[in-house]
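Structure, as structure tokens:
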Amino acid sequence: MADTNSGIKITDVRVSNFRTLKNVEVPLGDLTILLGANNAGKTSFLDAFYAAIGAGRKILGQDDVHLEGAEALPPKDRVVTVDVRIRPLGDDGNIALAFPGGSFWTSLWGTGIQQELDGDYAEFAGIRTTLAWSIPKGDYNLERRFLKEWRPFADWLSAPVDEKSRLNAAQIEPLALHYIDAKRDLEDDIRKQGSFWRRMTEDLGLSAADVETFEKALSDLNHELVGKSGILKHLKDNLADISPVVSAEGGNIDISPVARKLRDLSKGVDVSFAATGAQSFPLSRHGMGTRSLASLLVFRAFASWKAKQAADAGDHVHSVLALEEPEAHLHPQAQRSFFAQVRSIPGQRVVSTHSPYFAGQAGLADLRLFIRSGGETTVSRLDLSALTHDELRKLRHSVVNTRGDLLFSRAAVFFEGETEEQALPILAEAYWGCSIHELGFSFVRVGSNSNYFPFIWLAESLDIPWYVFSDGEAETITHLGRALHKSGKAAPDACPEVFVIPGGRNFERQLVAEGYLPEIEATFNDVEGKDAFLDDYIARMNGKTGKKGVIRDYTVADGRLKAACDAMSESKTRMAEPLATTLSAIADEPRRFPSSIRGLFEKISADHGLTQTGKEES
């Protein structure tokens with residue numbers, strides 16, 4: 001990756017009263033990944049950030065001011081505020097206490113650089129952007145000023161500004177934010193004035209002598225083409241009739257099939273791409289995935305070229321990229337590999353994404369989760385300081401790399417085994433009348449009873465509502481209790497999010513205990529293609545050695561129940577799905593859902609405002 005030490009870093013962005021963002025703080029790193037559901041506020045944050053230090057103008061007005069409750073219009077005294085804190089970096093790339101005396105940035109911002117009033121008195125530059133109603137103008141007015149203090153988040157809006165320090169474009173431009181939205185397309189960028197492609201290619205860096213030589217060659221090429229093309233010559237002869245109509249003094253018509261000026265060549269450039277062994281096609285003939293990727297790579301070229309030019313001139317530039325949905329139009333494996341391309345872009349990158357494949361490649365410390373609840377958005381991050389190195393490794397391996405979809409969940413249900421993994425989603429759909437995916441829920445198998453902690457901790461840290469559906473076996477409860485304690489939660493029997501199968505039983509044995517033997521036998525007959533599978537199983541397995549060396553005895557009073565439990569235990573992966581389907585089709589609603597599962601679904605319904613399907617009619 002390119003050297004990104006520009007001497008500064010944007011460490012924090014705070015936003016108040018901008019669209020859905022009433023009051024949020026987002027710490028930034030070299031790479032910051034914004035996660036959250038649609039309309040959670042990610043795009044609003046990027047737009048607010050762009051309003052503060054964007055490379056270009058974005059018209060803001062009444063529609064960008066936060067609305068409370070049933071308000072149709074915002075009151076005129078409500079002010080949009082965006083604060084950006086910039087800290088100096090040392091040669092090692094870490095935050096430094098002070099900007100070097102006489103540096104580019106101290107010369108640029110001068111008295112705008114302040115000291116913290118507590119701690120180590122570290123220096124910073126704070127930029128406050130406000131959007132407020134102006135009575136004289138009769139419209140909203142955008143202003144940028146330096147902050148005198150960077151106060152704690154609880155009191156940040158009261159921080160004073162330097163009233164004499166209105167920032168100009170020259171003070172923003174070296175760290176200006178470039179925003180690439182989800183509609184990026186290199187084919188459009190090549191034609192669009194002001195695009196990164198056009199800004200790079202309008203001046204090709206040639207000497208005046210070279211420009212004159214090439215433009216003479218272009219002029220000669222145009223004359224030769226027109227002279228040899230009967231069609232072009234015919235067009236020119238007919239267009240010559242313009243002259244007597246519009247000018248009494250005469251005139252000349254010239255046709256230039258090739259641009260005559262080098263600066264105009266970029267307007268007609270075609271970029272072609274061919275996979276190995278395939279025919280080459282212009283990008284306009286490729287799909288949006290390829291064109292979107294090409295557009296981003298052009299920005300990478302723009303950012304690195306701009307940094308080189310600044311360095312050659314003895315100046316500094318701090319590249320900041322806001323990128324919306326980089327996974328757009330890319331297949332899952334391409335989304336994974338594309339992460340490396342984003343990382344290679346110099347400077348700071350703030351990326352909003354809905355892709356678990358993309359987010360799963362990021363560091364845990366890079367994640368910021370946007371959650372919208374009750375009409376307001378909150379932003380949370382992971383505090384990894386309390387975790388050991390082994391716990392961090394386990395968290396990444398067990399959760400992010402394998403179940404990245406958990407990061408985007410409305411709520412998560414954790415359980416241990418394969419039976420629950422197959423059965424619970426089917427029963428959930430029968431209960432609510434729609435799939436868990438439609439509801440935005442993740443049903444997650446943790447793999448073993450000792451693996452609950454990283455899943456619970458991550459959900460708790462990111463404010464994702466979570467639930468546990470657990471076997472009642474002693475060893476499982478012990479491990480679950482440790483995970484809950486480490487996550488700062490109550491014991492399994494006192495935690496309202498935890499549902500434990502009673503009597504020390506597992507999922508299969510609980511079904512038998514609750515009287516589902518007829519449904520179990522019917523499902524076995526269906527799956528195995530036999531009329532009396534359990535009778536055949538008893539005849540084959542009675543007297544043989546079972547688990548832990550115990551001799552099976554199915555001749556006792558509850559022998560048939562034991563045989564059903566053993567048969568299910570040996571056929572978990574085959575039986576779970578069809579058995580759940582059988583249960584969900586039971587006509588008697590009170591029997592349709594086993595008691596622990598019903599309790600889990602009722603709790604989720606209460607927490608998320610859901611209603612059991614058919615309940616209104618019952």
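Any value given below was found using the heavy atoms of this structure, including those in side chains, with hydrogens, waters and symmetry copies removed.
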Quick check, are the ring centers of Tyr140 and Trp133 under 6.0 angstrom apart?
yes
Indicate whether the side chain of Asp155 and that of Ser158 have a donor and an acceptor atom separated by less than 3.5 Å.
yes
Quick one: CZ on Arg349 to CG on Leu323, what's the gap to the nearest 0.5 Å?
10.5 Å
For the residue pair Tyr467 and Asp607, establish whether any side-chain heavy-atom pair is separated by less than 4.5 Å.
yes
Below 6.0 angstrom between ring centroids: does that apply to Tyr50 and His178?
no
Between Val13 and Phe45, what is the shortest heavy-atom contact and its length?
CG1-CE1, 3.6 Å
OG of Ser461 to CD1 of Ile456, rounded to nearest 0.5 Å, is 11.5 Å
d(Ile86 CD1, Lys9 NZ) to nearest 0.5 Å is 13.5 Å
So, Glu324 and Lys42, do they make that salt bridge, N to O below 4.0 Å?
no
With the threshold set at 4.0 Å, does a side-chain nitrogen-carboxylate oxygen contact exist between Arg19 and Asp47?
yes
Electrostatic pair Arg128:Asp83 at N-O distance under 4.0 angstrom
yes
If you look at every heavy atom in Lys489 and Glu460, which pair is closest and at what distance?
NZ-OE2, 3.6 Å
Residue pair Ser207 / Asp210, side-chain donor-acceptor N/O under 3.5 Å:
yes
Hey, are His66 and Glu376 close enough side-chain-wise for a donor-acceptor pair under 3.5 Å?
no
For Phe414, run the ring-ring contact (aromatic ring centres under 6.0 Å, His included) check against Phe441, Trp457, Phe455 and tell me which one passes.
Phe455
